[in-house]
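Keep in mind that the numbers below use all heavy atoms, side chains included, and drop hydrogens, waters and symmetry copies.
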There are 2 protein chains.
Amino acid sequence: MQDHSVHVQCGDCPIRHRAVCARCETDELNRLEQIKYYRSYQAGQTVIWSGDRMEFVGSVVTGIATLTQTMEDGRRQMVGLLLPSDFVGRPGRPTAAYDVTATTDLVMCCFRKKPFEDMMATTPHIAQRLLEMTLDELDAAREWMLLLGRKTAREKIASLISIIARRDAALHLRRPAAALSVDLPLTREEMADYLGLTLETVSRQISALKKDGVITLTGNRHVTIPDLDRLMEEAGDDSDGGMLV
Amino acid sequence: MQDHSVHVQCGDCPIRHRAVCARCETDELNRLEQIKYYRSYQAGQTVIWSGDRMEFVGSVVTGIATLTQTMEDGRRQMVGLLLPSDFVGRPGRPTAAYDVTATTDLVMCCFRKKPFEDMMATTPHIAQRLLEMTLDELDAAREWMLLLGRKTAREKIASLISIIARRDAALHLRRPAAALSVDLPLTREEMADYLGLTLETVSRQISALKKDGVITLTGNRHVTIPDLDRLMEEAGDDSDGGMLV
DNA sequence: CCCGTCGTTTGATTTGCGTCAAGGACCATA
DNA sequence: TATGGTCCTTGACGCAAATCAAACGACGGG
């Protein structure tokens with residue numbers, strides 16, 4: 001399983017960062033220290049509403065946020081999941097076509113747009129790193145398109161769990177071990193929004209996977225995966241797909 | 001309808017370019033002339049196979065290409081449509097997670113990766129423009145995720161037609177007029193792959209839209225749209241969605 | 001001219017998932 | 001202990017789209 005991300009490890013950070021790192025003190029990124037600030041959000045709080053013209057660029061330090069799009073009649077589709085080290089925001093243009101919501105308590109490291117853009121202009125590394133990260137997200141989005149368009153409900157659930165497990169492992173610098181164990185950071189309804197299903201179907205398929213021994217549940221949220229390969233097979237991924245969200 | 005793309009118009013080019021422009025002779029991009037070359041492909045020919053490590057970065061000059069992902073059992077999902085001025089390729093990392101196929105005869109303008117990356121490092125504008133374009137693609141991909149996950153078959157078809165119509169209008173510098181007329185560049189099967197449907201369903205829904213007077217067909221491929229607003233309403237988009245692929 | 005193939009349309013039938021509905025587990029507050 | 005809330009599970013039923021199947025028009029070659 002190859003890793004498509006640019007990871008930066010440094011100092012006393014426990015995690016590898018894929019984004020402009022808020023806590024690292026390396027090379028040219030140091031200069032960003034001068035223009036950064038932090039924001040905290042409570043679980044359920046809206047970070048950006050799709051009507052806003054987002055005026056900052058930021059990366060998640062702790063917690064989880066989601067990007068969702070909503071149709072007039074209320075149908076919702078999650079289109080992105082922001083885990084620690086991911087970034088949001090669009091240097092260059094004032095755009096936010098979707099809602100960003102904190103699903104857990106959330107701390108973000110933000111940069112005001114204008115100075116950030118100036119920084120990009122004078123420091124090619126930043127623009128390039130951002131480009132890398134955006135291309136990663138694009139790859140992930142395309143993987144999701146395959147999931148949404150062609151996978152069955154069971155495969156969708158298996159995919160989601162395996163992705164969360166792998167992201168979690170990558171974040172904590174663990175090799176994906178034989179047996180993994182993760183907390184699902186989403187409610188059944190949020191999973192449904194992510195997968196293009198209803199929450200009932202999500203619940204049913206999770207039960208089915210449990211019954212078939214692909215996963216075991218302790219409580220509603222904690223999943224342990226006895227055999228990751230088995231799970232990925234259920235997910236319908238060719239074994240070596242480079243899907244790291 | 002706001003336009004999210006970076007458009008460059010210049011000289012004798014009949015179209016506005018969103019990508020690194022192959023035929024334009026403006027500012028710092030001039031230097032790219034020294035390292036660029038052209039490639040031609042016939043309709044149906046494979047540009048990149050997902051196993052390749054793509055060794056160039058390029059943009060479409062004429063013709064249409066598609067990005068597709070395939071599951072082991074043959075289920076296919078199109079994840080991108082490359083129209084003139086779009087680019088493919090990933091500076092920085094050797095990656096190609098999907099097939100790129102020419103659906104019409106195709107001419108691409110290519111740059112070898114290494115010199116292109118050097119250029120990016122010394123010329124911040126290029127990295128920034130590429131970032132802009134990638135963010136546009138990401139927005140488009142997210143719009144597609146909503147389509148794939150939550151829209152009905154009829155809405156999917158209406159969305160596809162309206163997107164092609166609007167891209168076409170943007171490409172030819174026309175304002176989206178009251179009545180539009182476009183050639184569908186895809187077969188029913190390709191549309192099905194794009195929309196996460198079967199070709200039978202695509203055919204049925206096109207017939208239904210025709211019967212209801214939302215579109216009219218001349219031949220199999222040529223669509224005229226008497227009322228774009230009506231079509232967009234059928235597509236389920238809020239009237240002003242900035243969906244420009 | 002017939003006779004392939006390819007892209008398309010249309011019909012009949014099946015099925016996976018959505019919808020509607022009821023109830024259980026858990027927690028906080030009264 | 002009762003009471004309401006949130007989140008989750010499970011069952012019964014219906015429908016939209018998939019599947020299976022047949023046939024049509026356009027095109028090219030022998």
(request) Using only heavy-atom distances, decide whether a donor-acceptor pair under 3.5 angstrom links the side-chain of A/Glu200 to the base of C/dC20. (result) yes

(message) Once you apply a heavy-atom cut-off of 4.0 Å, does A/Gly219 come out as touching a base, just sugar-phosphate, or nothing?
(response) nothing

(request) Kindly confirm or rule out a cation-pi arrangement of B/Arg76 over B/Tyr194, judged by NZ or CZ under 6.0 Å from the six-membered ring centre and within 45° of its axis? (result) no

(message) Would the base of C/dG7 count as contacting B/Arg221 through its side chain, where contact means a donor and an acceptor less than 3.5 Å apart?
(response) no

(request) Provide, to the nearest angstrom, the distance between the CD atom belonging to B/Glu189 and the C1' atom belonging to C/dT5. (result) 15 Å

(request) Find the distance A/Asp73:CG to C/dG18:C1' and express it as a whole number of Å. (result) 14 Å

(request) When you get a sec, tell me which of D/dT9, C/dT19, D/dT19 is the closest nucleotide to the side chain of B/Thr198? (result) D/dT19

(message) So for A/Arg204 and C/dG18, does any side-chain atom that can act as donor or acceptor lie under 3.5 Å from a complementary atom in the base?
(response) no

(request) Could you walk me through whether B/Arg167 and B/Asp86 pass salt bridge (Lys or Arg N to Asp or Glu O under 4.0 Å), step by step? (result) CA-CA 11 Å; B/Arg167 277 239 24 179; B/Asp86 287 330; 2.9 Å; yes

(request) Compare side-chain N and O positions of B/Thr152 against OP1 and OP2 of D/dA16 and report whether any pair is under 4.0 Å apart. (result) no

(request) Take atom CD of A/Gln205 and atom C1' of D/dT9, then tell me their distance rounded to the nearest Å. (result) 13 Å

(request) Using five base pairs at each end, measure the axis-to-axis angle across the helix from C/dC1-D/dG30 to C/dC27-D/dG4 and round it to 10 degrees. (result) 20°

(message) Tell me the interatomic distance from A/Lys210, atom NZ, to D/dT10, atom C1', rounded to whole angstroms.
(response) 12 Å

(request) Please check if the side chain of A/Asp105 supplies one atom and the backbone of A/Ala43 the other of a donor-acceptor pair under 3.5 Å. (result) yes

(request) Could you check which of D/dA12, C/dT8, D/dC8 has an atom nearest any side-chain atom of A/Arg188? (result) D/dC8

(message) Side chain of A/Thr187, heavy atoms from C-beta onward: which of C/dC17, C/dT10, D/dC8 has the nearest atom to it?
(response) D/dC8

(request) Return the value, rounded to whole Å, for the distance between atom CG of A/Leu184 and atom P of D/dT9. (result) 10 Å

(request) Take A/Met191 and B/Leu197, find for each the nucleotide of DNA chain D with the closest heavy atom, and name the residue whose nucleotide sits nearer the 5' end. (result) A/Met191

(request) Check the pair A/Lys156, A/Glu234 against salt bridge (Lys or Arg N to Asp or Glu O under 4.0 Å), reporting the backbone distance first and the verdict last. (result) CA-CA 9 Å; A/Lys156 286 180 177 180; A/Glu234 289 282 354; over 6 Å; no

(message) Rounded to whole Å, please give me the gap between CZ in A/Arg154 and C1' in C/dG16.
(response) 14 Å

(message) As a test of reading the structure: which of C/dT19, C/dT10, C/dC17 is closest to the side chain of A/Ala153, going by heavy atoms?
(response) C/dC17

(message) Under the criterion salt bridge (Lys or Arg N to Asp or Glu O under 4.0 Å), I'd like the reasoning laid out for A/Arg221 against A/Asp183: C-alpha separation, chi angles, the key distance, then a yes or no.
(response) CA-CA 6 Å; A/Arg221 298 293 195 85; A/Asp183 279 311; over 6 Å; no

(request) Check the distance between C/dG7's P and B/Leu217's CG and give it to me in whole angstrom. (result) 18 Å

(message) Measure CG/A/Asn220 against P/C/dC27 and give the value in whole Å, please.
(response) 10 Å

(request) With the side chain of A/Thr201 defined as its heavy atoms from C-beta on, choose the nearest nucleotide among C/dG18, C/dT10, D/dT9. (result) C/dG18

(request) Could you grab the distance from atom CD1 of A/Ile206 to atom CG of A/Leu184, nearest 0.5 Å is fine? (result) 6.5 Å

(message) I'd like to know if A/Glu155 and B/Arg75 make a salt bridge, using a cut-off of under 4.0 Å between side-chain N and carboxylate O.
(response) yes

(message) Can you tell me which residue among A/Val88, A/Leu106, A/Leu83 is in a side chain to side chain contact (heavy atoms under 4.5 Å, CB included) with A/Val60?
(response) A/Leu106

